[in-house]
*Asks:* 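Dropping a structure here in structure tokens format, bear with me for questions.
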Amino acid sequence: MLYRSEIKIIKDISIKESLFSGQSFIWNTLHDNTDYYATVIKNNPLIIRQISDTEIEIFCSSSVINGMVLPEFIEHYFTLDINTDDVFPESFSLLYPKLWDLLKGYFSLRILRQDPFETLITFMCAQGIGMQLIRKQVSMLAEHYGEKIVLPFSGKEIILHSFPAAQQLAATDPLLLSRCTNNNRLRAANIIRAARAVDEGRLDLDALQKSQLTLGELRNTLSRRSGIGFKIADCIALFGLGRFDAFPIDTHVRQYLEEWFNCTTPLRSLTPASYLMLDAEIRRVLNPDFAGYAGHMLFHCWRREIKKLRTF
DNA sequence: CCCCAGGCTTTTC
DNA sequence: GAAAAGCATGGG
């Protein structure tokens, strides 16, 4: 039994951002009934497709997810409460007219409010490694440690895997888990440690999300953990804890900061000190409260328009 | 064999 | 304290 819900959207949502299940981050806006976005939120399969320019439909085996009724959850998950037109400061288009023009196609990008634990683990898989391999790791984690879900939909069966619960990952061992972490045993061990901390309540992500910590405090708290540095900490904050002020600086961001914003901080080696300096510098250009949201549009714009990368 | 990929940790000054 | 080197793996 699938619950169906329709929801009106302000503008078409065409791009999402998620590492889970190897999902491509493009959610095609084709209206051909074959293209859908399928994911699993805490064992609830969720299928979403766009039925017109202003409407999407959602199917779910449960009418309530995370304590929210379906339409409410969708609005929350896809951050439909955020108007992406307000993400950049008003002065931005005047200061960077050429860049502003390049960014036109990226205002339909949505940062998702993803599950904190899922985000914690998936971004721990994303260190010094290519996108394809990151997604492969996450897919394998779900296939090996998540629950298999078979969903009859649109005349066929969709096979989905939920993202593993902390308890599942806490119970495995590094050698076994390393099959899913690009054969990297150290990364596997770090993931197990993090999963155990969550499972045993020593790392309370929900409490972190509700806390009023400053960005710096949150980043320090997360990066104290083995396998998590400033960049991954900021990713967890941005994608998993709803902290749209968090601005993760990776190799690509570093490049566009230099190219587009003439950041003066030395960029050759990204040390913790230069990371924080860059972070402070970009906050003078972007709206500090939505620096990460804006940064993510810039990130994908840079990769696609400038670097001509077709992988996500 | 080189370098790169949505960095982190340990060593060294 | 902060900068430099070391680390680990697959892919082009």
Side-chain angles (χ1 to χ4, degrees), chain A residues 15-26 106 109 111-112 114 118-141 174-194 219-240 243-244 246-260 265-280 282 291-312:
Chain A
I15 309 180
K16 70 182 183 65
E17 168 66 18
S18 170
L19 291 176
F20 178 35
S21 294
Q23 294 150 355
S24 146
F25 92 99
I26 291 284
Y106 292 82
L109 188 151
I111 289 181
L112 308 183
Q114 297 172 71
E118 171 191 319
T119 309
L120 169 73
I121 302 301
T122 56
F123 276 95
M124 286 182 77
C125 294
Q127 301 156 2
I129 198 173
M131 257 336 236
Q132 301 292 357
L133 285 175
I134 295 170
R135 291 186 189 285
K136 182 181 170 191
Q137 293 174 84
V138 178
S139 298
M140 287 182 75
L141 282 176
L175 184 57
L176 206 57
L177 186 65
S178 65
R179 287 182 305 170
C180 306
T181 59
N182 207 34
N183 296 318
N184 187 323
R185 246 186 266 184
L186 183 58
R187 178 176 301 152
N190 283 334
I191 287 174
I192 291 170
R193 258 184 276 181
R219 182 162 51 207
N220 287 337
T221 302
L222 290 170
S223 62
R224 216 172 285 139
R225 190 156 287 288
S226 178
I228 300 176
F230 284 177
K231 191 268 174 179
I232 300 301
D234 277 336
C235 282
I236 296 166
L238 177 62
F239 299 113
R243 290 293 296 254
F244 302 135
F247 186 85
I249 303 171
D250 60 35
T251 158
H252 297 284
V253 175
R254 204 170 77 183
Q255 290 170 30
Y256 80 60
L257 285 179
E258 183 171 31
E259 182 80 16
W260 285 342
T265 301
L267 295 167
R268 299 306 155 215
S269 61
L270 195 55
T271 64
S274 59
Y275 187 101
L276 295 178
M277 285 167 68
L278 280 173
D279 184 66
I282 196 62
Y293 215 113
H296 204 59
M297 295 178 184
L298 293 165
F299 171 84
H300 284 295
C301 184
W302 172 260
R303 284 176 59 100
R304 297 189 69 184
E305 306 298 332
I306 307 298
K307 304 302 280 188
K308 306 294 181 190
L309 293 173
R310 303 305 297 175
T311 56
F312 302 106

*Asks:* What is the distance from CG of A/L278 to P of B/dG7, rounded to the nearest Å?
*Replies:* 14 Å
*Asks:* Which label fits A/F239 and A/H296: parallel for a plane angle under 30°, tilted from 30 to 60°, or perpendicular past 60°?
*Replies:* perpendicular
*Asks:* Below the 4.0 Å mark, does C/dG10 have OP1 or OP2 next to a side-chain nitrogen or oxygen of A/N183?
*Replies:*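 Yes, A/N183 has a side-chain N/O under 4.0 Å of OP1/OP2 on C/dG10.
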*Asks:* Determine the Euclidean distance between corresponding P atoms of C/dC7 and B/dG6; express it in Å to zero decimal places.
*Replies:*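 It comes out at 23 Å once rounded to the nearest Å.
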*Asks:* Does A/T251 have any side-chain contact (heavy atoms from CB on, under 4.5 Å) partners at least two apart in sequence or in another chain, and if so, which?
*Replies:*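 With neighbours one apart ignored, the set is A/Q255.
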*Asks:* Once you round it to whole Å, what is the distance between C1' of B/dC3 and CD1 of A/I129?
*Replies:* 15 Å
*Asks:* Under the criterion side chain to side chain donor-acceptor pair (under 3.5 Å), I'd like the reasoning laid out for A/R193 against A/N190: C-alpha separation, chi angles, the key distance, then a yes or no.
*Replies:* CA-CA 5 Å; A/R193 258 184 276 181; A/N190 283 334; 3.3 Å; yes
*Asks:* Looking only at the side chain of A/N184 (C-beta and beyond, no hydrogens), which of the listed nucleotides B/dC8, C/dG11, C/dT9 gets closest?
*Replies:* C/dT9
*Asks:* Using whole Å, what does the distance between atom C1' of nucleotide B/dA5 and atom CD1 of A/I249 come to?
*Replies:* 18 Å
*Asks:* Where each residue is assigned the nucleotide of DNA chain B containing its nearest heavy atom, which of A/P272 and A/D250 is assigned the position nearer the 5′ end?
*Replies:* A/D250
*Asks:* If you measure from the P atom in B/dC8 to the same atom in C/dG12, how many Å do you get, rounded?
*Replies:*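 After rounding to an integer number of Å, I get 24 Å for this pair.
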*Asks:* Taking side chain to side chain donor-acceptor pair (under 3.5 Å) as the test, write out the residues that go with A/Y275, two or more places apart.
*Replies:*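 A/Y275: side chain to side chain donor-acceptor pair (under 3.5 Å) contacts with A/D234.
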*Asks:* Send over the distance from A/I236 CD1 to B/dG6 C1', rounded to a whole Å.
*Replies:*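 Value for this atom pair: 13 Å.
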*Asks:* Take atom CG of A/L270 and atom C1' of C/dA3, then tell me their distance rounded to the nearest Å.
*Replies:*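 After rounding, the reported distance stands at 13 Å.
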*Asks:* Counting heavy atoms from C-beta on, name the nucleotide in B/dG6, B/dG7, C/dG10 closest to the side chain of A/N182.
*Replies:*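 For A/N182, the side-chain atoms sit closest to C/dG10.
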*Asks:* Between B/dA5, C/dT9, C/dA3, which one does the side chain of A/T251 approach most closely?
*Replies:*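 Closest nucleotide to the A/T251 side chain: B/dA5.
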*Asks:* With rounding to whole Å, what would you report as the distance between B/dC3 and C/dA5 at their P atoms?
*Replies:*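 To the nearest whole Å, 15 Å.
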*Asks:* Between B/dC2 and C/dG6, how many Å separate the two P atoms, rounded to a whole number?
*Replies:* 15 Å
*Asks:* Can you figure out which of C/dG10, C/dA3, B/dG6 approaches the side chain of A/L133 most closely?
*Replies:*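 Shortest atom-to-atom distance from the side chain points to C/dG10.
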*Asks:* From NZ of A/K307 over to C1' of B/dG6, roughly how many Å is that when rounded to an integer?
*Replies:* 13 Å
*Asks:* Would you give the length of the straight line joining atom CD1 of A/I249 to atom CD1 of A/I282, rounded to the nearest 0.5 angstrom?
*Replies:* 8.0 Å
*Asks:* OG1/A/T271 to CE/A/M277 distance, rounded to the nearest 0.5 angstrom?
*Replies:* 8.5 Å
*Asks:* From B/dG6, B/dG7, C/dA3, pick the nucleotide closest to the side chain of A/A273?
*Replies:*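 Selected nucleotide: C/dA3.
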*Asks:* Within residues 220-227 of chain A, which residues have any heavy atom lying less than 4.0 Å from an atom of DNA chain B?
*Replies:*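 A/R225, A/S226, A/G227 - these, ordered by number, are the residues of the stretch whose heavy atoms sit under 4.0 Å from the strand.
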*Asks:* Atom CD1 of A/I134 and atom P of C/dG11: how far apart are they, to the nearest Å?
*Replies:*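 Roughly 13 Å, once rounded to whole Å.
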*Asks:* At less than 4.0 Å, is any side-chain N or O atom of A/R303 found next to OP1 or OP2 of B/dG6? Yes or no.
*Replies:* yes
*Asks:* Drop me the distance from A/S274's OG to A/R254's CZ, to the nearest 0.5 angstrom.
*Replies:* 8.0 Å
*Asks:* Just to verify, which of A/T181, A/L177, A/L176, A/N182 counts as forming a side chain to side chain contact (heavy atoms under 4.5 Å, CB included) with A/R179?
*Replies:* A/L176
*Asks:* What is the distance, to the nearest angstrom, from the CD atom on A/Q127 to the P atom on B/dT9?
*Replies:*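 A/Q127 atom CD is separated from B/dT9 atom P by 7 Å.
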